[in-house]
K.L.:
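Have a look at the structure that comes next, please.
Protein chains get the first letters and strands the later ones, always in sequence-line order, with residue 1 at the start of each.
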Number of protein chains: 2
Amino acid sequence: MATIYQVSELAGVSLATVSRVMNKNTRVSDKTKQKVLDAMEQLGYKPNSIAQSLASNCTNSVGILVSELHGPFFAQMMAGIESELRAAGKHVIITTGHSEEDKEQEGIEFLISRRCDAIILHVEAVSDDYLIKLSKGSTPVYLMSRYVEQLKDNCISLDNQLGGYLATKSILNQGHTQIAYIAGPQFKADAFNRLEGHKQALVEAGIKLDPTLFYIGDFNETGGSKGLKHFIDEKLSFTALVCANDEMASGAMKYAREHGYNLPNDLSIVGFDNVIFANYLYPTLTTIDNPVGKMGEMAAKLVLKDVYQNKNLVINRFFEPTLMQRDSSAPLIK
Amino acid sequence: MATIYQVSELAGVSLATVSRVMNKNTRVSDKTKQKVLDAMEQLGYKPNSIAQSLASNCTNSVGILVSELHGPFFAQMMAGIESELRAAGKHVIITTGHSEEDKEQEGIEFLISRRCDAIILHVEAVSDDYLIKLSKGSTPVYLMSRYVEQLKDNCISLDNQLGGYLATKSILNQGHTQIAYIAGPQFKADAFNRLEGHKQALVEAGIKLDPTLFYIGDFNETGGSKGLKHFIDEKLSFTALVCANDEMASGAMKYAREHGYNLPNDLSIVGFDNVIFANYLYPTLTTIDNPVGKMGEMAAKLVLKDVYQNKNLVINRFFEPTLMQRDSSAPLIK
DNA sequence: TTGTAGGCGTTATCAT
DNA sequence: ATGATAACGCCTACAA
């Protein structure tokens with residue numbers, strides 16, 4: 001691998017001059033510039049980004065921590081972040097936290113030790129205090145789908161309460177009044193706020209939240225099937241089921257069908273997130289669109305603006321979910 | 001950020017000694033070792049991995065190029081690679097190629113310029129010759145789901161032909177003889193070999209490949225729906241449909257259902273890959289399990305063994321797919 | 001076992 | 001506009 005020094009020799013200029021033509025900021029005479037360019041070409045010179053990083057104290061890399069690499073939700077998010085960053089010549093270092101506190105912390109330290117210029121986190125287990133302390137360090141921290149008041153300028157978040165509200169509201173609008181709800185783990189802010197929205201819609205409609213028609217799932221498919229099983233086993237009466245995410249909705253749909261339910265006539269089901277497979281389900285799943293891809297792009301833009309001085313980028317830190325009415329929910333048949 | 005120099009000062013030893021306690025290979029007396037450890041602790045010292053990389057000419061990072069970040073197929077693969085590598089203290093730099101030749105090449109150069117210790121590629125558009133030339137460079141290259149004879153030691157691949165064979169064979173075993181096939185883009189080796197397997201099964205059963213019951217799709221959902229539409233519009237007679245991947249199978253299932261087909265009685269459908277949502281479809285999709293996650297882990301192990309001298313790892317470069325018989329295919333009803 | 005010193009390939013600050 | 005030269009933080013012969 002050719003070095004900058006060899007280029008300078010072949011071009012008959014100093015090493016500093018070569019560096020200058022690479023970092024286009026300072027002026028170099030056209031003649032010498034051409035000599036340098038030719039020399040680079042001839043040697044097939046590629047700058048060593050590691051050395052550049054060490055000297056400039058800038059790695060051009062941003063760390064990303066997600067809960068899981070598989071899973072449609074994170075995939076969309078990463079795709080958004082990567083494409084935006086890549087276009088700006090930055091690269092991403094991706095690691096996982098598995099929604100466990102120690103693994104999340106370990107992942108974060110890992111990214112920091114790698115000297116990322118910034119880190120974008122989708123963390124669930126770690127505490128607000130930890131994040132606040134973390135953000136006082138020298139590596140800028142950005143949060144996806146998590147809102148921490150003291151860090152609000154660095155948060156890209158979704159109005160989960162609005163989403164929860166829209167989901168239940170859509171069911172209420174279809175005439176349902178006996179509505180079961182399968183929530184996500186309540187330590188996750190997303191899950192908590194979605195439930196808040198559910199409650200809000202019920203209150204607004206003058207309906208009491210029936211504590212028996214409430215189940216806390218695990219955000220996985222099994223959570224949905226177990227939840228529905230629970231409601232059925234208890235012989236409860238309900239015509240609609242709202243789930244705090246699509247995976248659980250899918251599990252519930254499957255369980256319902258296996259137990260002779262005709263969907264959506266016997267039971268209306270609504271999910272949340274609009275992950276890719278929501279549209280593959282049968283019937284296609286009515287859900288709340290969570291624009292994670294767009295949010296990922298925005299997080300990347302925010303980093304580009306804050307950390308890489310890309311001034312004229314317009315930032316929107318707050319996204320609103322929308323209802324995707326499909327076939328898994330339908331007006332109540334009396 | 002504390003440097004190794006500050007640690008050495010506080011510990012009252014030389015800088016080299018500090019370096020030694022970090023790189024546990026050379027012996028240091030317990031007493032001085034403890035002094036150093038204490039000093040590190042006190043200063044909250046974290047080695048600068050960039051400087052380490054420059055000095056040691058090892059970045060502890062491996063580059064990964066996939067076609068897409070979203071998409072269940074790649075997600076599984078990356079999850080496998082990342083978990084294995086992460087456990088060994090290496091990290092992954094991920095980028096995308098979008099199945100386009102220039103983007104794939106650009107991605108590869110990008111990873112190399114980052115001085116990755118190795119790169120793991122899932123490329124589709126780039127030529128074998130390019131890969132062969134690439135592998136002569138200083139960065140070790142590993143290929144996922146692509147077999148290039150000259151690079152065979154660095155390939156982790158699936159027996160796609162066997163998979164294609166198993167898919168069609170399963171349908172034949174169920175008594176079907178009029179079998180439509182929706183292939184993937186034939187420039188992709190996976191797609192080509194799956195088709196070969198299909199042909200092989202037909203030949204073995206003494207059935208001629210009916211060229212009218214053949215359609216080339218795009219590996220996306222629309223490819224499946226378009227393919228089935230084509231067969232139906234042409235008023236062709238067939239009782240089973242084999243698709244070269246699950247996305248297309250899903251599209252075909254959807255189209256079939258929308259057009260009054262009762263699945264699987266009116267039409268048996270088989271996919272390929274066993275991506276996550278295959279089990280979410282209705283009816284659940286009979287498909288060929290493609291162990292991408294395991295293959296990702298294996299690719300990581302191969303890198304660990306070759307590049308990072310992790311001697312005692314057992315490598316298996318060749319994976320065999322298996323049939324996942326589910327509900328979308330059933331014995332032919334006469 | 002420990003210390004000294006040169007080198008890794010750049011960037012950046014001085015001069016000139 | 002260009003050229004020396006000192007960082008950047010660490011590794012690693014080579015010496016002691």
K.L.:
Count the heavy atoms of every other residue, nucleotide or ligand shown that sit under 6.0 Å from OH of Tyr130(B), and state whether that count exceeds 12.
P.N.:
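Yes - once you tally the heavy atoms of other residues, nucleotides and ligands closer than 6.0 Å, there are more than 12.
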
K.L.:
Could you list by number each residue of residues 29-36 of chain B showing a heavy-atom separation from DNA chain D of less than 4.0 Å, or answer none if no residue does?
P.N.:
none

K.L.:
Please check the phosphate of dG9(C) (OP1 and OP2 only) for any side-chain N or O of Thr3(A) closer than 4.0 Å.
P.N.:
no

K.L.:
Between the two end axes of the helix from dT1(C)-dA16(D) to dT16(C)-dA1(D), each built from 5 base pairs, what angle do you get to the nearest 10°?
P.N.:
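Inter-axis angle at the termini of the helix from dT1(C)-dA16(D) to dT16(C)-dA1(D): 40°.
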
K.L.:
Rounded to the nearest Å, what distance is computed from the CE atom of residue Met1(A) to the C1' atom of nucleotide dT10(C)?
P.N.:
15 Å

K.L.:
Measure the shortest side-chain to side-chain distance between Asn154(A) and Asp306(A) over non-hydrogen atoms and say whether it is less than 4.5 angstrom.
P.N.:
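Yes - at least one pair of side-chain heavy atoms lies under 4.5 Å apart.
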
K.L.:
Provide, to the nearest angstrom, the distance between the CD1 atom belonging to Ile50(B) and the C1' atom belonging to dG9(D).
P.N.:
11 Å

K.L.:
Output the rounded distance in Å from OH (Tyr5(B)) to C1' (dT4(C)).
P.N.:
13 Å

K.L.:
If a pair satisfies ring pair (Phe, Tyr, Trp, His ring centres under 6.0 Å) and one of its residues is in residues 95-120 of chain B, list it, with sequence neighbours excluded.
P.N.:
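Counting only pairs at least two positions apart or across chains, the ring pair (Phe, Tyr, Trp, His ring centres under 6.0 Å) contacts touching residues 95-120 of chain B are His91(A)-Phe110(B).
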
K.L.:
So, Lys103(B) and Glu106(B), do they make that salt bridge, N to O below 4.0 Å?
P.N.:
no

K.L.:
Do the side chains of Tyr142(A) and Ile81(A) get nearer than 4.5 Å, heavy atoms only?
P.N.:
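Counting from C-beta outward, Ile81(A) and Tyr142(A) never come under 4.5 Å.
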
K.L.:
Roughly how many Å is it from CE in Met40(A) to C1' in dG9(C), rounded to a whole number?
P.N.:
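For the pair Met40(A) CE and dG9(C) C1', the rounded distance is 13 Å.
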
K.L.:
Do the side chain of Glu84(B) and the main chain of Ala300(B) share a donor and acceptor less than 3.5 angstrom apart?
P.N.:
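Here the side-chain-to-backbone pair does not exist.
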
K.L.:
Using whole Å, what does the distance between atom C1' of nucleotide dG9(C) and atom CG of Asn60(A) come to?
P.N.:
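For the pair Asn60(A) CG and dG9(C) C1', the rounded distance is 16 Å.
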
K.L.:
Take atom CZ in Phe318(A); do more than 12 heavy atoms of anything else shown fall under 6.0 Å from it?
P.N.:
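More than 12 within 6.0 Å, yes.
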
K.L.:
To the nearest angstrom, how far is Arg115(B) atom CZ from dC10(D) atom P?
P.N.:
20 Å

K.L.:
Measure the spacing between OG of Ser56(B) and CG of Asn23(B) and express it to the nearest 0.5 Å.
P.N.:
8.5 Å

K.L.:
Mark up nucleotides 11-16 of chain D, 5' to 3', with B wherever a protein heavy atom is under 4.0 angstrom from a base atom, S wherever such an atom reaches only the sugar-phosphate, and - elsewhere.
P.N.:
BBB---

K.L.:
Per the salt bridge (charged side-chain N to carboxylate O under 4.0 Å, His left out) rule, what does the pair list look like for residues 122-137 of chain B, sequence neighbours excluded?
P.N.:
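For residues 122-137 of chain B, and leaving out neighbouring residues, the salt bridge (charged side-chain N to carboxylate O under 4.0 Å, His left out) pairs sorted by first residue read Glu124(B)-Lys188(B), Asp128(B)-Arg146(B).
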
K.L.:
Output the single nucleotide from dT1(C), dG9(D), dT2(C) whose closest atom is nearest the side chain of Thr17(B).
P.N.:
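Looking only at side-chain atoms, Thr17(B) lies closest to dT2(C).
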
K.L.:
Not counting sequence neighbours, list each pair that qualifies as a side chain to side chain donor-acceptor pair (under 3.5 Å) and has a residue in residues 35-55 of chain A.
P.N.:
Gln34(A)-Asp38(A)

K.L.:
Would you check if there is a donor-acceptor pair between the side chains of Thr96(A) and Glu68(A) at a distance under 3.5 Å?
P.N.:
no

K.L.:
From CG of Asn48(A) over to P of dG7(C), roughly how many Å is that when rounded to an integer?
P.N.:
18 Å

K.L.:
Specify the separation, in whole Å, of atom CG of Leu54(B) and atom P of dG6(C).
P.N.:
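It works out to 18 Å between those atoms.
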
